Novice: 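Before anything else, here's the structure in question.
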Amino acid sequence: MKYNIFKKSFFLAAVAALTMTACSPEDYDGISEAGLPLAEGANVKATVDDATNTVTFTMDGTSIYPIWYIPVDGKEITKNPVYSTLNPLQKIWANSGNYTVYYRVGNHNGMSQGMGSVTFKVANSLTNYDELKAKLSAKPWRIASTEPAHMACGPSGSDGTGWWSASPGDKAAFGVYDDRVTFGSDYRYTYDPGAGGTVYVNTGCSLWPTYHQSSDYMVPVEKQKTTYSLSTEGDNVYITMPANTLFPYIPADGAYNGELKLRLESLTGSKMVLVWDDGNIAWHYILTCSDEGFSGYNASSDCNLWKNCKYTNTFFYAPGWAQLPDPELKVNGNNYTLSLPTATTDQWQAQVFFKTDMTTNSVNTYDFSAKFTSTTDHNNVTVKLVKAGDDGVYYFADVIKLKANQEYVFYKSNMPGIDMDKVNLVLDFGGNAANTKVTISDIDLQEHACDGIQAPAEEDKTVYTYNSESNIWKTNVDDKGTAGFSTYFYYAPNWANIPDPDLSVDKGHYTVLLPTAAAGQWQAQVHLITTIPGEADTPYDFSCKFLAKKDIKGVTVKLTDTSNDKNYFFANQYDLTAGTEYQVKIPAVKLALGAATALKLVFDFGNTPADEKVEFYDIILQKTAQ
């Protein structure tokens, strides 16, 4: 990829490209100087993540775009500021202080004549890199092939996106997307060329004359292990590797012959932005460690009901059910960091309530998404969107698992609407380790596809066959009748224990009778205790079918270690409709903590109406086909 031909007309070309994409054909009415936007009218925000000193800049509006000017000293406008057209823009400031970033506003008529500014405060200098290193290390990173500008270039001193940027999947033919790089917590760096066994090289490089071509080319290489360091220069943080270090794309001889010095623009649990700048050109890279699946709805869209809602927070923090003072919750725009200094053991011991003024109705359908990142492994995070004042009316009440410093995107698509005059978001982190911090960001509730984004349809290609030899449950439990399992019940409507419900079994078909209404999770538990062992690090598939006499919301299904309730495969909730068969399908799940000597299957009907009968049958437990 030759890049020197771009230099002469960069600014004109950049503005032309932006104006061509800033408005849709139907609202384009020609260029007019009178239609130039005003910088002072723009809605611009800067939010600071104090843990990593990352500042996020956003400019609201669908028909305008920003050009950010970042002073080289971060405080006053200079002759040659760093500039960017990204929206949102994220950048790390290494030093504490008060800073100013300037901007112009563009639309299809051109750029604003005036310049606006936004000020912000970075509270702490990066005196150590523990938070950054935790997010950086112990996971494989790769070029984020689905992200626009996952590879890009621009003039020196910029963010490296102004001259050229790759569209999603643009460089698949060059084997760059299967490369992996790993940054260890011990400052060791590993480059793996992946299945293709090659590194992608700019045609301007003369390092490998045997493979050199008149266009970009690939060079066979071996897996490489070396070191890296983190350092600060001015307000910037750099990741530096020694000379002769391989990286997924080698843009110039100097990026291999000399130190590979990459400016760390931003870093989250699943996304990293780097810039290599040799004084002539800046190369921009976006790396990810996620599966590059759905990344959530557009939380900055005006469609997002959360964006302009008003809310209050309340807490219930009770390790061992002994209540402590409320935990600290830091708020930076649509970014919330919760600090939990003391460990908890059970669900509902670390609750955070967002009591909002959002409303929904039964006429529309709705989408929801939010991102979660925890500093520790956490296998029991509850996410519930519920009607204020009525805990039994909710959109969902799911339990998710978080891996330390890895971003998790939680989402729901096209949910049938519910009439709610106030919608509350309830999060529970019961079961957290001591000194856990959890960041919740980009919360989005909107009418279905309002922002034009559709979540991908989830397709489970797993084959579930009850009468299969691979069905461990049938062989070890159902075929043995009542000798294949033992039972335990906890039946306590309104937490007042009453006699066990009646459970009958007929050749793998289970029927439970629940005469008394219960109004809360875990108030009507049925445990099927088996001798089936669970292997460590082995994925299993699970399925079962339900048939309920009456509607029942929030039926919990949990497959867990008999001796350790925290060591489970899953803990999901489902709504059942009277007279309608419902099949649960859960593919490729693993035990949270390791091997289990014996497994139990837990059902909870804690939100049951009176005189309920629930049948469950065709239970399937099998090892996932490889």
Side-chain angles (χ1 to χ4, degrees), residues 47-56 70 72-74 82 89-97 99 120-142 144 159-160 180-191 225-243 245 247-248 255 259-277 284-290 328 330 332 335 337-339 341 371 373-377 402-407 433-439 441:
T47 57
V48 182
D49 176 1
D50 290 330
T52 60
N53 285 20
T54 302
V55 186
T56 303
I70 304 168
V72 292
D73 65 358
V82 175
L89 168 68
Q90 288 189 316
K91 185 169 175 60
I92 294 173
W93 261 262
N95 300 305
S96 63
Y99 295 93
F120 55 94
K121 182 178 180 179
V122 176
N124 305 298
S125 295
L126 287 175
T127 55
N128 67 64
Y129 303 107
D130 290 349
E131 292 276 358
L132 290 176
K133 190 167 62 171
K135 285 183 167 61
L136 184 69
S137 63
K139 47 193 154 185
W141 294 89
R142 64 185 179 278
D159 68 349
R180 300 291 184 268
V181 297
T182 304
F183 300 88
S185 59
D186 56 358
Y187 290 105
R188 295 185 182 276
Y189 170 84
T190 301
Y191 167 82
K225 293 185 177 182
T226 183
T227 60
Y228 75 96
S229 64
L230 292 167
S231 62
T232 298
E233 293 183 18
D235 286 317
N236 295 314
V237 175
Y238 290 89
I239 303 174
T240 303
M241 280 79 83
T245 294
F247 194 69
E259 286 186 331
L260 179 58
K261 189 174 183 179
L262 300 162
R263 190 170 75 232
L264 182 59
E265 294 286 270
S266 63
L267 177 63
T268 69
S270 64
K271 181 178 176 180
M272 170 167 40
V273 179
L274 301 168
V275 173
W276 180 79
D277 191 332
H284 180 271
Y285 304 95
I286 302 176
L287 276 65
T288 181
C289 62
S290 74
E328 179 185 53
K330 290 186 176 180
N332 286 299
N335 185 291
T337 300
L338 178 72
S339 297
K371 297 175 182 177
T373 306
S374 172
T375 57
T376 62
D377 287 352
L402 305 180
K403 289 292 186 182
N405 298 300
Q406 295 188 21
E407 186 176 80
N435 298 315
T436 291
K437 288 185 179 180
V438 183
T439 298
S441 62

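The structure presented is a predicted model; accordingly, all values stated were derived computationally and were not measured.
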Novice: How long is the gap from OG1 on Thr245 to CG on Leu260, to the nearest 0.5 Å?
Specialist: 6.0 Å

Novice: Set out, in order, the CA-CA distance, both residues' side-chain angles and the distance that settles side chain to side chain contact (heavy atoms under 4.5 Å, CB included) for Leu230 and Tyr187, then state yes or no.
Specialist: CA-CA 9 Å; Leu230 292 167; Tyr187 290 105; 4.2 Å; yes

Novice: Measure the CZ-CG distance between Arg142 and Leu287 for me, rounded to the nearest 0.5 Å.
Specialist: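 Here the rounded value is 9.5 Å.
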
Novice: Any donor-acceptor pair under 3.5 Å linking the side chain of Asn236 with the backbone of Ala94?
Specialist: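 No.
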
Novice: Please give me the minimum heavy-atom distance between Thr376 and Ala433, naming the atom from each residue.
Specialist: OG1-CB, 4.2 Å

Novice: Please confirm whether the ring centroid of Trp276 lies under 6.0 Å from the ring centroid of Phe247.
Specialist: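 Centroid separation for Trp276 and Phe247: 6.0 Å or greater.
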
Novice: Say you draw a straight line from NZ of Lys330 to CG of Leu338; how long is it, rounded to the nearest 0.5 Å?
Specialist: 12.0 Å

Novice: What's the verdict on side chain to side chain contact (heavy atoms under 4.5 Å, CB included) for Val237 and Leu132, showing C-alpha distance, side-chain angles and the deciding distance?
Specialist: CA-CA 10 Å; Val237 175; Leu132 290 176; 4.3 Å; yes

Novice: Quick one: do Lys91 and Val55 satisfy side chain to side chain contact (heavy atoms under 4.5 Å, CB included)? Show the steps, please.
Specialist: CA-CA 5 Å; Lys91 185 169 175 60; Val55 186; 5.7 Å; no

Novice: Can a side-chain donor-acceptor contact be found between Asn128 and Lys133 if the only test is distance below 3.5 angstrom?
Specialist: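 There is no such pair between these side chains.
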
Novice: Is the shortest side-chain heavy-atom distance between Met241 and Thr227 below 4.5 Å?
Specialist: no

Novice: If every non-hydrogen atom of Ser137 is compared with every non-hydrogen atom of Gly184, which pair is closest and at what distance?
Specialist: CB-C, 3.7 Å

Novice: So how far is it from Lys403 NZ to Ser374 OG, rounded to the nearest 0.5 Å?
Specialist: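 Going from NZ on Lys403 over to OG on Ser374, the span is 11.5 Å.
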
Novice: Taking side chain to side chain donor-acceptor pair (under 3.5 Å) as the criterion, tell me which of Thr373, Thr375, Thr337 meets it with Thr439.
Specialist: Thr337

Novice: Can you check whether Trp93 reaches Ile70 side chain to side chain, under 4.5 Å on heavy atoms?
Specialist: yes

Novice: Is Lys261 atom NZ crowded by more than 12 heavy atoms from other residues, nucleotides or ligands, each under 6.0 Å away?
Specialist: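 Correct, the count exceeds 12.
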
Novice: Which atom names give the shortest non-hydrogen contact between Pro140 and Arg180, and what distance separates them?
Specialist: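 Smallest interatomic distance, heavy atoms only, reads CB-CD, 4.3 Å.
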
Novice: Would you find a donor on one side and an acceptor on the other, under 3.5 Å apart, between the side chain of Ser125 and the backbone of Ser96?
Specialist: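 Judged by distance alone, yes, a pair lies under 3.5 Å.
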
Novice: Parallel, tilted or perpendicular: which one describes the rings of Tyr228 and Phe183, with boundaries at 30° and 60°?
Specialist: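 Perpendicular, since the angle between the ring planes exceeds 60°.
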
Novice: Could you grab the distance from atom OG of Ser266 to atom CG of Leu89, nearest 0.5 Å is fine?
Specialist: 8.0 Å

Novice: To the nearest 0.5 Å, what is the distance between NZ on Lys135 and NZ on Lys271?
Specialist: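 The NZ atom of Lys135 sits 15.0 Å away from the NZ atom of Lys271.
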
Novice: Return the minimal non-hydrogen interatomic distance between Tyr189 and Val181, and the atom names on each side.
Specialist: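 Residues Tyr189 and Val181, closest heavy atoms: OH-CG1, 3.2 Å.
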
Novice: How close do Glu407 and Ser270 get, heavy atom to heavy atom, and via which atoms?
Specialist: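 Residues Glu407 and Ser270, closest heavy atoms: OE1-OG, 2.8 Å.
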
Novice: Pick one: which of Val122, Val48, Thr268, Ile92 meets side-chain contact (heavy atoms from CB on, under 4.5 Å) with Thr54?
Specialist: Ile92

Novice: So, Asn53 side chain and Asn124 main chain: donor-acceptor pair closer than 3.5 Å or not?
Specialist: yes

Novice: So for atom NZ, which belongs to Lys139, do other residues, nucleotides or ligands contribute more than 12 heavy atoms lying within a distance under 6.0 Å?
Specialist: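 Yes, because the 6.0 Å sphere around NZ of Lys139 holds more than 12 heavy atoms from other groups.
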
Novice: Heavy-atom distance under 4.5 Å between the side chains of Thr240 and Leu262, does that happen here?
Specialist: no

Novice: Examine the side chains of Gln90 and Thr56 and answer whether a donor and an acceptor come within less than 3.5 Å of each other.
Specialist: yes

